[in-house]
2 protein chains.
Amino acid sequence: MGLDAEALAGVIGSRVRHERIDRGWTLDRLAEVAGVSRRMVVSVEQGTVNPSIGTLLRLSDALGVGLPALVEPPHRARTKVTRAGGGAVLWRGDTGGRGVLVAGTEPPDVLELWDWTLAPGETHASEAHSERTRELLHVHEGTLAIALAGETFTLSVGDALSFVGDEAHSYANPADVPTRFSLAVYEPGVGSAHRKDGIDG
Amino acid sequence: MGLDAEALAGVIGSRVRHERIDRGWTLDRLAEVAGVSRRMVVSVEQGTVNPSIGTLLRLSDALGVGLPALVEPPHRARTKVTRAGGGAVLWRGDTGGRGVLVAGTEPPDVLELWDWTLAPGETHASEAHSERTRELLHVHEGTLAIALAGETFTLSVGDALSFVGDEAHSYANPADVPTRFSLAVYEPGVGSAHRKDGIDG
DNA sequence: CCCATCAGTGCAGCATACTGCACTGATCGT
DNA sequence: ACGATCAGTGCAGTATGCTGCACTGATGGG
């Protein structure tokens, strides 16, 4: 199923080490507080042993971190590569424009990176999101006209815009050459359950 | 800190055993699937050993349950005793009646047990709750008149009533002796966040 | 009854978690 | 240079996790 004991030992080790360093503790200090030999602390941190739960419990107590957090499997896909063309095309214009989601995090806190292309004359309308939604965009090619809250902003290559996504807005290409821009969207708290992680990085 | 290794071993053991029994597995079967000796399975289930994470990992894999779930500390306050007089008096009548919350669970699924006393002639009105709310009551002393949805039910000692709490209702004591009854209220899904952890602090 | 299956115990032996100590080496501040 | 403090290694001894086996006892079916 998950991972083998050897890999798990490594993960646990890095977490113990991380927590210890965070507190500015020496090996001796952690060993003393936890009531484990210093030699054992080193071995655990290096993942070269298969510690008993008793030992891990003492270490997790000393570090003030829950034992489950120590033994939790590493989060899947902390880094994920989307190759060119591998993004999800979630919008298509009539004349060739596309909105491609090239990268995104999992709920509940969703951060998305889009790659947008608008053919001349194309327009894409977006409805309002939550009031905490933030959107950042950066124009790479062409000209982009953004209608937002009764105003229209016209951006050229290199221009960027930051706005709150809680109002309906639209992107348009008013020129006669294709427009391309990157769009980053941050929408916190979507999804049902919040996974209380707290695992290393 | 949470609990000592000995107690934890016991908790882990009962969980392993529970999962195994749930699946209708014999000791031999779990031992075989997990790749640990049958002797070890018995020892772990009895909490008489301090298993290594390697062993626990194999068991949790075989059972299809996450290792963190196995080592998670028991949820706090699964049972809570409210001594006599220790309940919260959340309603007081003008002539001595009282509504006392003697026990209740935490959100989101709230189950409450009330101890109500109504002096002669007293009335308590309750507004409507959610449509999924259920109320059960049991009369211990006196007479209770419940007005609900246009009807009035009169209950005597020993009588009980079950109803849905999504309409305004009122309790009254129509007699000249005190009335006492127990009231159980179940209201699912109140409260904002569901605390998934039960880590003690 | 006999036989099979299961949970559970006791024990001997092996593998290894864990300890304690001595040691190396790097990095400080004086 | 010097001592102090730190991380990390190697090793021998001890404690114990873990295995395998033999055994008891309970249950259920033919």
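Everything numeric here is computed off the predicted structure, so don't read it as measured data. Sequence lines set the chain letters: A, B, ... in the order given, protein chains first and strands last, and positions in each chain run from 1.
Looking at heavy atoms from C-beta onward, L30(B) lies out of side-chain contact with E19(B) at the 4.5 angstrom threshold. In this structure, T143(A) and P174(A) have side chains that are in contact, with non-hydrogen atoms separated by less than 4.5 Å. N173(A) is not listed as a side-chain neighbour of T123(A), based on a closest heavy-atom distance of 4.5 Å or more. Taking the side chain as every heavy atom from C-beta outward, E45(B) and R20(B) approach each other to under 4.5 Å. Side-chain contact between W25(A) and V33(A) is present, with heavy atoms from C-beta onward closer than 4.5 Å.
The interatomic distance linking D28(B) (CG) with dT19(D) (P) rounds to 13 Å, in whole Å. I53(A) has its CD1 atom 11 Å from the P atom of dC18(C), to the nearest Å. Straight-line distance from the CD atom of E32(A) to the P atom of dA7(D): 13 Å, rounded to whole Å. Computed from coordinates, the E45(B) CD to dC18(D) P distance equals 15 Å when rounded to whole Å. When the P atom of dC18(C) is taken as reference, atom CG of L57(A) falls 12 Å away, rounded to whole Å. The interatomic distance linking I21(A) (CD1) with dG8(D) (C1') rounds to 13 Å, in whole Å. Straight-line distance from the CG atom of L59(B) to the C1' atom of dG17(D): 13 Å, rounded to whole Å. If you measure from atom CG of L30(B) to atom P of dA7(C), you get 10 Å, rounded to the nearest angstrom.
In this model, the phosphate group of dA17(C) is not approached by any side-chain N or O of R58(A) to a distance below 4.0 Å at OP1 or OP2. The shortest distance between the side-chain N/O atoms of T55(A) and the OP1/OP2 oxygens of dA17(C) is not below 4.0 Å.
Nearest to the side chain of P51(A), among dC18(C), dG17(D), dA7(D), sits dC18(C). You'll find that the side chain of R20(A) is closest to dA7(D), out of dC18(C), dA7(D), dG8(C). Listed nucleotides dC18(C), dT19(D), dA7(C) differ in distance to M40(A); the shortest reach to its side chain belongs to dC18(C). When the nucleotides dC18(D), dG8(C), dG8(D) are ranked by their closest atom to the side chain of Q46(B), dG8(C) comes out on top.
Toward the 5′ end of DNA chain D lies the nearest nucleotide of V41(B), the other residue of the pair R38(B) and V41(B) mapping further downstream.
Nucleic acid contact for S43(B): none, since no nucleic acid atom lies under 4.0 Å from a heavy atom of the residue. Residue contacts shown for R29(B) are absent, as no nucleic acid heavy atom lies under 4.0 Å away.
Below the 3.5 angstrom threshold, one finds a donor paired with an acceptor across the side chain of R39(B) and the base of dG10(C).
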